[in-house]
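Numbers restart at 1 for each chain; the letters A, B, ... are given by sequence-line order, proteins then strands.
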Amino acid sequence: MKIDFYKRAALVCRQIPRGTAATYGQIALLCGYPKNSRQVGYALGHHLIGDAPAYRVVNAKGLLSGAASFETPDRQRELLENEGIEVIWTDRGYHVDLNKYGWKNTLEEALWLRSEFKSQNI
DNA sequence: TCAGTGACCAGAC
DNA sequence: CGTCTGGCCACTG
């Protein structure tokens, strides 16, 4: 089932370091399903990742494309700014600079996740 | 079964 | 920069 994908996504999201933002595609890739970026958005929007920090996930352009699904439209921005991430307002919506705040995950992190999937059988 | 729908994305121009 | 397109795939009515 794809339940496994959502469990993996939850685990990946919990590894996003404080003060950084990850992209949907990056999460999907680390899950081992590089083509499932849309399902990452689905998982976050339907609260399928438990207590994992969904607010640290933005799209490939740095846009907070899911801001509308939070308690208030500004909640995601507040949470990010609380971690020291600058959030810029544009006509498109809120943005973060991925060059500054994007999560540059290491190979070690990717390998660790892979071993976790295995040991947790997901 | 099947068409429509996204918190997506890379490439083309 | 900006817009459009085709591809992607789980989920839904």
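A donor-acceptor pair under 3.5 Å is formed between the side chain of Arg8(A) and the backbone N or O of Ile122(A). Between the side chain of Glu116(A) and the backbone N or O of Leu11(A) there is no donor-acceptor pair closer than 3.5 Å. In this structure, Arg75(A) contributes its side chain and Phe70(A) its backbone to no donor-acceptor pair below 3.5 Å.
When hydrophobic clusters are built by joining Ile, Leu, Val, Met, Phe, Trp and Tyr residues whose side-chain heavy atoms come closer than 4.5 Å, directly or via intermediates, Leu113(A) is grouped together with Tyr24(A).
You'll find that the side chain of Lys35(A) is closest to dC9(C), out of dA10(B), dC9(C), dA7(B). Distances from the side chain of Arg38(A) to the nucleotides dC9(B), dC8(C), dA7(B) place dC8(C) closest. Of the candidates dC8(C), dA10(C), dA7(B), the closest approach to any side-chain atom of Tyr24(A) belongs to dA7(B). Residue Asn36(A) has its side chain nearest to dA10(C) when only dA10(C), dC8(B), dC9(B) are considered.
When the P atom of dA7(B) is taken as reference, atom CG of Leu79(A) falls 19 Å away, rounded to whole Å. One can place CG of Leu48(A) at 13 Å from P of dA7(B), the figure rounded to the nearest angstrom. In this structure, the CG atom of Asp91(A) is 12 Å from the P atom of dC1(C), given to the nearest Å. Rounded to whole Å, atom P of dA7(B) lies 15 Å from atom NZ of Lys61(A). Taking atom CG of Asp4(A) as the reference point, atom P of dA10(C) lies 13 Å away to the nearest angstrom. The separation between Ile27(A) atom CD1 and dC8(B) atom P is 13 Å, rounded to whole Å. If you take CG of Leu44(A) and P of dA7(B), they are 10 Å apart, rounded to a whole angstrom. At whole-Å resolution of the value, CG in Leu29(A) and C1' in dC8(C) are 15 Å apart.
Under 4.0 angstrom from either OP1 or OP2 of dT3(C) there lies at least one side-chain N or O belonging to Arg92(A). For dT12(C), the OP1/OP2 oxygens have a side-chain nitrogen or oxygen of Tyr42(A) closer than 4.0 Å. OP1 or OP2 of dC11(C) lies within a sub-4.0 Å distance of a side-chain N or O belonging to Tyr6(A).
Going from the C1' atom of dT1(B) to that of dG13(C) covers 12 Å, rounded to whole Å. To the nearest whole angstrom, the two C1' atoms, one in dC8(C) and one in dG6(B), are 12 Å apart.
Shown are Asn82(A), Leu80(A), Ile85(A); of these, the side-chain contact (heavy atoms from CB on, under 4.5 Å) with Tyr55(A) is made only by Leu80(A).
If you find the closest nucleotide of DNA chain C to Ser37(A) and to His46(A), the one lying nearer the 5' end belongs to Ser37(A).
Gly45(A) comes within 4.0 angstrom of a base, heavy atoms only. Residue Phe70(A) is classed as a base contact, given a heavy-atom separation below 4.0 Å to a base.
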